[in-house]
Structures are given as structure tokens and as C-alpha cells.
Amino acid sequence: MSGKRRATLRTELADADAVAAALAPDNTPEMSTRVEDGTVVTTIERETTGGLQSTVDDYVVNLSVATQVVQTAERFHDTNHE
């Protein structure tokens with residue numbers, strides 16, 4: 001089978017811009033991340049199904065970490081600027 005495999009992941013978040021910015025350094029050339037109406041949209045293309053699955057798995061972990069970091073930073077900022 002030839003051609004690339006593609007997955008598009010959409011995650012609606014209150015802090016979509018900040019999370020997308022936190023994810024950007026981890027993007028590979030096969031990935032693109034953007035924000036659409038408060039939703040982080042990431043498209044991943046890989047040559048193989050296994051490669052796509054691996055990249056999606058890595059992305060989901062990175063998304064979770066980025067979301068936690070942004071939320072922690074906002075709590076820290078709110079606590080220190082009240």
C-alpha cells in the first residue's frame with residue numbers, strides 16, 4: 001500500500017493558544033498544529049500506520065504535559081498577582 005497515513009486531532013481547550021505554542025517545539029516536519037476557534041488542531045502524516053500510531057501516541061503525551069504546564073503557570077501567575 002502506498003501513500004501517507006494522516007490523522008487530525010482536535011482538542012477544545014480554554015487555553016488553546018498557549019497550549020498550541022507549548023506544543024510547537026515538539027512538532028516534527030510531519031506535523032502541523034494550529035488553533036481554530038478555541039480548538040488545538042494537529043495534523044500528522046506518516047508513511048506507515050505504525051509510524052502514525054507512534055507519533056499520535058507521543059503527541060497525546062505532549063498535549064497532556066503542555067496542558068498541565070499551561071494550567072500550572074496560570075495558577076502560579078494568578079496566585080502571585082492577586
Side-chain angles (χ1 to χ4, degrees):
M1 182 178 270
S2 63
K4 290 190 176 193
R5 280 46 170 184
R6 178 184 302 171
T8 300
L9 296 94
R10 299 175 188 278
T11 310
E12 190 173 324
L13 298 165
D15 305 313
D17 290 318
V19 172
L23 286 167
D26 290 324
N27 280 359
T28 66
E30 298 91 2
M31 301 171 71
S32 67
T33 298
R34 63 194 180 281
V35 176
E36 295 177 358
D37 298 323
T39 301
V40 177
V41 180
T42 299
T43 301
I44 303 167
E45 288 188 354
R46 294 293 304 268
E47 293 292 333
T48 66
T49 302
L52 180 62
Q53 181 178 355
S54 177
T55 303
V56 168
D57 288 347
D58 289 346
Y59 170 79
V60 170
V61 171
N62 291 345
L63 175 65
S64 176
V65 171
T67 302
Q68 290 173 3
V69 167
V70 167
Q71 290 172 350
T72 299
E74 287 180 351
R75 281 194 302 270
F76 178 78
H77 181 266
D78 291 345
T79 301
N80 289 312
H81 290 93
E82 289 183 347

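- Panel note: side chain T67, backbone L63; a donor-acceptor pair is recorded below 3.5 Å.
- One hydrophobic cluster, built from ILVMFWY side chains closer than 4.5 Å, cannot hold both V19 and V61; they sit in different ones.
- Remark: the backbone N or O of G51 is paired with a side-chain donor or acceptor of R46 at under 3.5 angstrom.
- Taking CD1 of I44 as the start and CG of N27 as the end, the distance is 8.0 Å to the nearest 0.5 Å.
- One distance of note links CG of D26 with CG of N62; it measures 4.5 Å at 0.5 Å rounding.
- Between T42 atom OG1 and R34 atom CZ the span is 8.0 Å, to the nearest 0.5 Å.
- If you chain together hydrophobic residues whose side chains sit under 4.5 Å apart, L13 and V69 never meet in one group.
- Here OG1 of T55 is found 13.0 Å from CZ of R5. Values are rounded to the nearest 0.5 Å.
- Under the 4.5 Å side-chain heavy-atom criterion for Ile, Leu, Val, Met, Phe, Trp and Tyr, L9 and V70 are members of the same hydrophobic cluster.
- Residue R6 places its CZ atom among 12 or fewer non-hydrogen atoms of other residues, nucleotides or ligands, all under 6.0 Å distant.
- Note that OG1 of T43 is 9.5 Å distant from OH of Y59, once rounded to the nearest 0.5 Å.
- Remark: side-chain polar atoms of S54 are not paired, donor with acceptor, to backbone N or O of G50 under 3.5 angstrom.
- Nearest approach of V40 to A16, heavy atoms of both residues: CG2-O, 3.5 Å.
- By the 6.0 Å contact criterion, CG on D57 is enclosed, its count of non-hydrogen atoms from other residues, nucleotides or ligands being greater than 12.
- For the atom pair CD of Q53 and CG of D58, the computed distance is 10.5 Å after rounding to the nearest 0.5 Å.
- Criterion: ILVMFWY side-chain heavy atoms under 4.5 Å apart, direct or through other members. Under it, L23 and V65 are not part of a common hydrophobic cluster.
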